[in-house]
Amino acid sequence: MATSIIVSYRPFPGRTDLVVSLLLESYAAMARAGLITARRPWIMNSESGDVVAAFEMTDEFSFSESEKIREISVLRARLMGVCERVPLSQLSETAAPFAQFQTTTGYAASGA
């Protein structure tokens, strides 16, 4: 059974584009490894400039499996060098019944 993941990142000043780029590289690596589904990941921006990513892992064990793949670990380390993870609850959008974020155009739609 697939597992949905939603994570928010607070880019360091001037690093938002790099955060999005590293997320896209990470998704491509996870897809090659068969760890995420064919469903297109969403990358969104909060009003405060945080980056919110939502994607679907192939199963509940995929995230821990991804930690064992060097390419993915290196990309995550690079990502943590240009941003910090923040709890979703810290985003003002999550206080409303319907959280609304601006969808980035940085990820092309796929046929999935």
side-chain contact (heavy atoms from CB on, under 4.5 Å) filter on Arg76, not counting sequence neighbours, yields Met30, Phe63, Ser66, Glu67, Ile72
Run the side-chain contact (heavy atoms from CB on, under 4.5 Å) test on Tyr27 and Phe55 for me, step by step, so that the C-alpha distance in whole Å, both residues' side-chain angles and the decisive distance to 0.1 Å come before the verdict. CA-CA 9 Å; Tyr27 297 143; Phe55 57 98; 3.4 Å; yes
Margin query: Looking at Ile6, I'd like to know if its CD1 atom is crowded, meaning that more than 12 non-hydrogen atoms belonging to other residues, nucleotides or ligands lie closer than 6.0 Å.
Written below: no
Are the side chains of Ser62 and Thr3 in contact, using a 4.5 Å heavy-atom criterion? no
* Mind checking whether Arg32 and Glu71 have side chains closer than 4.5 Å, heavy atoms only? -> yes
Let's go through Met57 and Leu35 carefully: what are the C-alpha distance in whole Å and the side-chain angles of both, what is the deciding distance for side-chain contact (heavy atoms from CB on, under 4.5 Å) to 0.1 Å, and is it a yes or a no? CA-CA 6 Å; Met57 306 286 302; Leu35 298 173; 4.3 Å; yes
Within one Ile-Leu-Val-Met-Phe-Trp-Tyr cluster: [X] and [Y], side-chain cutoff 4.5 Å:
{"X": "Val20", "Y": "Val7", "answer": "yes"}
{"X": "Leu22", "Y": "Met44", "answer": "no"}
{"X": "Ile43", "Y": "Val52", "answer": "no"}

Residue pairs meeting side-chain hydrogen bond (donor to acceptor under 3.5 Å, both in side chains), one or both in residues 10-22, sequence neighbours left out, come to Arg10-Asp50
Side-chain donor-acceptor distances from residues 77-95 under 3.5 Å, at least two apart:
{"unit_1": "Glu93", "atom_1": "OE2", "unit_2": "Glu47", "atom_2": "N", "d": "2.6"}
{"unit_1": "Thr94", "atom_1": "OG1", "unit_2": "Leu88", "atom_2": "O", "d": "3.1"}
{"unit_1": "Thr94", "atom_1": "OG1", "unit_2": "Leu91", "atom_2": "O", "d": "2.7"}

Those residues at least two apart in sequence (or on a different chain) that pass side chain to side chain donor-acceptor pair (under 3.5 Å) with Glu56 are Thr37, Arg39
Hits for side chain to side chain donor-acceptor pair (under 3.5 Å) against Ser26, two or more places apart or cross-chain, chain-then-number order -> none
One should read off an interatomic distance between Ile36 CD1 and Thr58 OG1, to the nearest 0.5 angstrom, of 9.0 Å
Sorted by chain and residue number, the ring-ring contact (aromatic ring centres under 6.0 Å, His included) partners of Tyr9 (sequence neighbours excluded) come out as none
